Amino acid sequence: MAVLVVAAHDGKTVRSNVANAVTAASQMGSEVHVLVAGSNAGEAAKSAAAIQGVAKVLDAEDAAYANWLAEDVAPLVVKLAPNYSHVVMAADSVGKNIAPRVAALLDVAQVSEAIKVEAPDTFVRPIYAGNAMATVQTADKIKIVTIRPTNFKAAATGGSAPIEQIGGTGAGGLASYVGAELSKSERPELTSAKIVVSGGRGLASGENFKMLEALADKLGAGLGASRAAVDAGYVPNDYQVGQTGKVVAPDLYIAIGISGAIQHLAGMKDSKTIVAINKDEEAPIFQVADYGIVGDLFQIVPELTAAVEKK
Amino acid sequence: MKVLVAVKRVIDYNVKIRVKADNTGVETANVKMSMNPFDEIAVEEAIRMKEKGQATEIIAFSAGPAQCQETIRTALAMGADRGVLVQTDAELQPLAVAKLMKAVVDKEQPGLVIVGKQAIDDDSNQTGQMLAALLGWSQGTFANKLHVADGTAEVKREVDGGLENIKIKLPAVITTDLRLNEPRYASLPNIMKAKKKPIEVLAPDALGVDIAPRLKVLKVEEPPKRKSGIKVKTVAELVDKLKNEAGVI
């Protein structure tokens, strides 16, 4: 049977993690379909059709889907689900919000944040902030799975799947969207950036994050933070890397003034190369770092910024 | 309006967990257990609603072995009024917990349910959304701010790009994110008082809920370890290593 990937999008393109979800989905079933639900989501549907490995795109147009309210999107997925063996979503804030609602309406379990597909019914997922890996098997007829995008290679573009228009299920009237306060940034998005520069409590103020911005801009890097830095109000919540924030796995992760609590390590320890800059040589971050420098970040970071070549 | 909060007993967040030698799970014997930190935030939010006169009674729900009474006592010491424990030694997965909670919600008729967005043991992030689905209620997940008035809840949510504001009809299920509030510590007099607050103990059967696990855990293993790295002395050395050894810049 086919696998349905439910794609989040901004109206123009589907999120980059949809390509990762398609890869995961192709390991679960014979054929991958992508659902793009939205209001005027035609462009986004086209971007989904261009992902290699996608056999069909379902474009569900309904004003109710404009802002991805779980109360309105879930009934659409529930209606389509019986045609599929699996429903797959990326484990981002959209997938985490909607997938469990779909699962409960179908009376099936959900596998959260799968990092590996062992078999169509068997998945590996991290528990305890990634300090243990559980292999779980589901006997449910329809399997609801959210996948951790960083653990699946993004499918290439260049495909041209047919797009089928399907009807909407309307608005249930339970919830309405008011607005968003999104962080504006020219930098690469944290979860897909090749390099991430991340700051912690050691930065001591939001003002000092400017120093990290300079380094990030020179490296073409995304900017992240530890929970401590977010809780202290230095940077907005969407910068948080960790167990309950974002999970990143860039080629290079530079942890600056971050001690390395297990909750933070959970979000970045799959990075290819990790650099730690910290004045405390006993800081746990050094246990996962490939390269560490013990010293004053206020000296080291400007020096590093000056030393690297602009990308 | 009654408010129901769910509190899960989990391994304390400061404990370094150990995978059992036979790979059947994680060692929980003789390990410090505490309330799931996100659930503490849920309890705190309910107490603040009561202090503002928006909540009349706070019911702390838990499900699991008899020791979950301690977790409920913690919620009672913080300020919840009474507890409900669905007692079982069987493994409970999110869908089963959501069904047990629905049965208690049907009985208690709260106007709002507040739960942690995820438990730090299984990291599922499912129960609140599942409960909302089963009840046919709206859901305000990953709440950063909550404002309840006139039969609606305005919820500021933590999402990938920043924050999002939604307005949902009550009754509703709220799941808490880290910045919603800072939970209080229970004072000694309140801990003493909590010992006298009632906890109702129910059996899953009595609620007519099938709690059989849907996911079979085949094995639990240690994650692969990272090779330990090196310390470099200078920025020049670091840049050289990143360029010529790691090849990442």
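These values consider heavy atoms only, across backbone and side chains, with no hydrogens, waters or symmetry-generated copies. Worth saying up front: this structure is predicted, and the values here are computed from it rather than measured. All chains are named by letter (A, B, ...) in the order of the sequence lines, taking the proteins before the strands, and each is independently numbered beginning at 1.
A:Asn237 places a side-chain N or O within donor-acceptor distance of the main-chain N or O of B:Gly162, the cut-off being under 3.5 Å. Without hydrogens or angle criteria, A:Lys246 side chain to B:Asp160 main chain gives a donor-acceptor distance under 3.5 Å.
Annotation: maximal heavy-atom pairing with chain B below 4.5 Å, among A:Met133, A:Glu181, A:Arg101, occurs at A:Arg101. Residue with the most contacts toward chain B among A:Gly179, A:Ala134, A:Ala109, A:Pro126: A:Gly179 (heavy-atom pairs, distance under 4.5 Å). Looking only at heavy-atom pairs under 4.5 Å with chain B, the residue among A:Val308, A:Thr273, A:Asp251 that has the most is A:Thr273. With chain A as partner, the option from B:Pro224, B:Ser228, B:Ala132 having the largest number of non-hydrogen pairs under 4.5 angstrom is B:Ala132. No other option in B:Gly140, B:Gly229, B:Gly161 has as many heavy-atom pairs under 4.5 Å with chain A as B:Gly161. Comparing A:Val94, A:Val111, A:Leu190, A:Ile274 by how many heavy-atom pairs each has under 4.5 Å with chain B, the most go to A:Ile274. Per-residue counts of heavy-atom pairs under 4.5 Å with chain B were compared for A:Thr191, A:Val294, A:Thr122, A:Val108; the largest is that of A:Val108. Counting heavy-atom pairs under 4.5 Å between each of A:Ile127, A:Leu174, A:Asp140 and chain B puts A:Leu174 at the top. Contact count against chain A (heavy-atom pairs under 4.5 Å) is highest for B:Lys167 among B:Lys167, B:Lys16, B:Lys233, B:Lys156.
Residues A:Pro100 and B:Gln129 approach most closely at CB-CB, 3.6 Å, considering heavy atoms. The two residues B:Ile166 and A:Tyr177 have their closest heavy-atom pair at CG2-CA, 4.3 Å. Nearest heavy-atom pair, A:Gly173 versus B:Lys169, reported as atom, atom and distance to 0.1 Å: O-NZ, 3.2 Å.
Atoms NZ and CD1, on A:Lys194 and B:Ile249 in that order, are 16.0 Å from each other to the nearest 0.5 Å. Rounding to the nearest 0.5 Å gives a distance of 6.5 Å between CG of B:Leu238 and CD1 of A:Ile277. A:Leu182 CG to B:Leu163 CG: the interatomic distance, rounded to the nearest 0.5 Å, is 8.5 Å. Atoms OG and CG, on A:Ser93 and B:Asn125 in that order, are 10.5 Å from each other to the nearest 0.5 Å. Rounding to the nearest 0.5 Å gives a distance of 10.0 Å between NZ of B:Lys216 and CG of A:Asp121.
With a threshold of 4.5 angstrom between heavy atoms, B:Thr234 approaches chain A through N, CA, C or O but not through any side-chain atom. In this structure, the portions of B:Leu215 lying under 4.5 Å from any heavy atom of chain A include both its backbone and its side chain. When heavy atoms are compared at a cutoff of 4.5 Å, B:Pro94 does not approach chain A at all. Proximity to chain A (any heavy atom under 4.5 Å) is shown, for B:Glu158, by both the backbone and the side chain. Using a 4.5 Å cut-off between heavy atoms, A:Gln263 contacts chain B through its side chain alone, with no backbone atom that close. With a 4.5 angstrom heavy-atom cutoff, A:Val102 does not touch chain B via any of its atoms. B:Ile230 touches chain A through backbone and side chain together, each having a heavy atom under 4.5 Å away. Both the backbone and the side chain of B:Tyr13 come within contact range of chain A, each with at least one heavy atom under 4.5 Å from a heavy atom of that chain. For B:Val19, the part sitting under 4.5 Å from any heavy atom of chain A is the side chain, from C-beta outward, and nothing else. Only the side chain of B:Arg157 comes within contact range of chain A, judged by heavy atoms closer than 4.5 Å. Looking at B:Leu170, there are no atoms closer than 4.5 Å to chain A (heavy atoms on both sides), in backbone or side chain. Looking at A:Ala132, the atoms closer than 4.5 Å to chain B (heavy atoms on both sides) sit in the backbone and in the side chain alike. With a 4.5 Å cut-off on non-hydrogen atoms, A:Ile262 touches chain B through its side chain but not through its backbone. Within the 4.5 angstrom heavy-atom criterion, no atom of B:Lys225 approaches chain A. Both the backbone and the side chain of B:Val232 come within less than 4.5 Å of a heavy atom of chain A.
B:Glu164 and A:Asn67 share no donor-acceptor pair across their side chains, judged by distance under 3.5 Å alone. Side-chain atoms of B:Arg179 and A:Gln240 include a donor-acceptor pair closer than 3.5 Å. Under 3.5 Å, the side chains of A:Tyr291 and B:Glu237 contain no donor-acceptor pair of N or O atoms. For the residue pair A:Asn97 and B:Thr141, a side-chain donor N or O sits within less than 3.5 Å of a side-chain acceptor on the partner. When only modelled atom types and interatomic distance are considered, A:Ser112 and B:Gln126 share a side-chain donor-acceptor pair under 3.5 Å.
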Candidate pair B:Val217 and A:Thr135, rule side chain to side chain contact (heavy atoms under 4.5 Å, CB included), full reasoning: CA-CA 6 Å; B:Val217 179; A:Thr135 304; over 6 Å; no
Steps toward side chain to side chain contact (heavy atoms under 4.5 Å, CB included) verdict (B:Leu95, A:Asp107): CA-CA 8 Å; B:Leu95 183 60; A:Asp107 192 28; 3.7 Å; yes
Check against side chain to side chain contact (heavy atoms under 4.5 Å, CB included), A:Ile293 and B:Lys231: CA-CA 6 Å; A:Ile293 297 196; B:Lys231 294 234 170 76; over 6 Å; no
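Annotation: side chain of A:Glu71 is in contact with side chain of B:Gln139 (closest heavy-atom distance under 4.5 Å). Between B:Leu218 and A:Val136, every side-chain heavy-atom pair lies at or beyond the 4.5 Å cut-off. With contacts defined as side-chain heavy-atom distances shorter than 4.5 Å, the pair A:Val178/B:Glu154 does not qualify. A 4.5 Å side-chain heavy-atom check between B:Asp123 and A:Glu113 finds every atom pair outside the cut-off. Side-chain contact between A:Asp238 and B:Val159 is absent, with no heavy-atom pair separated by less than 4.5 Å. Under the 4.5 Å side-chain criterion, counting only non-hydrogen atoms from C-beta, A:Tyr128 is not in contact with B:Asp122.
For the pair A:Lys96 and B:Phe142, the cation-pi test (distance below 6.0 Å, angle within 45°) is failed.
A salt bridge links A:Asp290 and B:Arg226; the closest N-O separation between the charged side-chain nitrogens and carboxylate oxygens is under 4.0 Å.
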